[in-house]
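Here's the structure, in structure tokens; my notes come after.
Each chain gets a letter, A, B and so on, in the order its sequence line appears, and its residues count up from 1.
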Protein chains: 2
Amino acid sequence: MTRQRVAIVDLLDNAADHLDAKKLLEQAKRRVPDIDKTTVYRTIRRLRQLGLIDELDLLHFRHDGHFYELAPDKMHLHIVCTGCGQVREASPQAWADVEREIQAQTGYTIEMARCEVGGYCPECQKKR
Amino acid sequence: MTRQRVAIVDLLDNAADHLDAKKLLEQAKRRVPDIDKTTVYRTIRRLRQLGLIDELDLLHFRHDGHFYELAPDKMHLHIVCTGCGQVREASPQAWADVEREIQAQTGYTIEMARCEVGGYCPECQKKR
DNA sequence: ATAACTGCAAATCTTTTGCTTACAG
DNA sequence: CTGTAAGCAAAAGATTTGCAGTTAT
């Protein structure tokens with residue numbers, strides 16, 4: 001295992017918010033100053049192929065690139081505040097039902113799901 | 001209303017599958033041969049700002065760009081077959097429940113949602 | 001040893017911007 | 001007329017590829 005990979009995985013593991021490739025690179029540089037963006041992208045791709053991380057867009061609220069997070073064992077929903085851009089996650093209570101219904105309706109087996117919701121957080125609702 | 005806009009809106013309106021900017025350009029060229037990609041992108045942006053079309057990624061199964069569809073009145077889920085890439089839509093039955101639960105859980109008001117699910121369609125399940 | 005991993009530069013792809021000309025109301 | 005839209009070329013941002021040198025096992 002190389003130092004650069006350790007750094008990237010570690011960052012994803014301990015990230016407070018969702019990271020995109022640029023932030024990942026910036027922060028990894030603190031640990032491995034010579035790390036290149038290519039390595040970041042290559043590592044992301046591997047981890048994604050292995051199913052270890054998930055890719056998000058967060059509704060492109062900030063930019064058109066992608067964000068990454070360690071693949072959770074349970075499906076969850078990302079909710080982006082259209083006012084302040086803050087991202088929250090809702091627990092997957094309802095998801096099991098949705099999944100069952102989709103399977104019944106379409107005959108598909110569900111392997112993965114990305115659900116991104118936009119709305120106003122309680123604070124931003126007051127300001128309107 | 002310009003000819004190029006009519007062409008683009010018309011294509012989105014009558015599209016059988018989901019279109020990305022490139023396909024939109026190709027197909028619009030049949031009607032307005034000199035139309036430029038810039039016009040396509042600008043029109044897409046306007047329509048999106050007006051809330052008339054929705055942007056999808058379809059889990060980036062084909063590429064990292066975006067797909068567009070006329071904004072439906074009811075929320076629905078896109079389900080992409082991981083085997084053959086075919087896209088289906090599931091009706092929004094379950095969505096109302098999910099939405100209610102998210103609102104209760106987080107206090108957010110929900111303005112929009114994009115839900116993309118990956119799995120295997122019945123045909124591809126047989127082939128495995 | 002040797003196969004996998006890295007950095008660097010250049011290429012590719014999608015989308016945006018600046019500017020000048022053309023068109024619709 | 002007058003503002004809005006179109007086309008063209010060039011720029012910008014995200015991601016990938018080719019290649020030669022380096023590192024882990």
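Spacing between atom CG of A/Asp57 and atom P of C/dT15 amounts to 12 Å, rounded to whole angstrom units. The interatomic distance linking A/Lys37 (NZ) with D/dG13 (C1') rounds to 11 Å, in whole Å. Here the P atom of nucleotide D/dT15 and the NE2 atom of A/His63 are 8 Å apart, to the nearest Å. Atom CD1 in B/Ile8 sits roughly 12 Å away from atom P in D/dA5 (whole-Å rounding). With rounding to whole Å, A/His66 atom NE2 is found 12 Å from C/dC13 atom C1'.
In terms of phosphate contacts, B/Arg46 brings a side-chain nitrogen or oxygen within less than 4.0 Å of OP1 or OP2 of D/dA5. For B/Gln4 and C/dC23, the shortest distance from a side-chain N or O to OP1 or OP2 is not below 4.0 Å.
Looking at A/Asp57 and B/Arg114, a side-chain N of the basic residue comes within less than 4.0 Å of a carboxylate O on the acidic one, giving a salt bridge.
Between the side chains of B/Glu69 and B/His18, at least one donor-acceptor pair of N or O atoms lies under 3.5 Å.
Residues satisfying the side chain to side chain donor-acceptor pair (under 3.5 Å) criterion with B/Arg42, sequence neighbours excluded, are absent altogether. Under the ring-ring contact (aromatic ring centres under 6.0 Å, His included) criterion, B/Tyr120 pairs with no residue, sequence neighbours left out.
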May I have the list of side-chain donor-acceptor pairs in residues 7-15 of chain A shorter than 3.5 Å, sequence neighbours left out?
unit_1, atom_1, unit_2, atom_2, d
A/Asp10, OD2, A/Arg31, NH2, 2.7
A/Asn14, ND2, A/Asp10, O, 3.3

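Taking five base pairs at each end of the helix from C/dA1-D/dT25 to C/dG25-D/dC1, the local helix axes there meet at an angle of 40°, rounded to 10°.
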Q. Where along nucleotides 17-25 of chain D does protein come under 4.0 Å, by heavy atom, of base (B) or sugar-phosphate alone (S), with - for untouched nucleotides?
A. BB-----SS
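Against DNA chain C, the stretch residues 19-36 of chain A makes heavy-atom approaches under 4.0 Å through A/Asp34, A/Ile35, A/Asp36.
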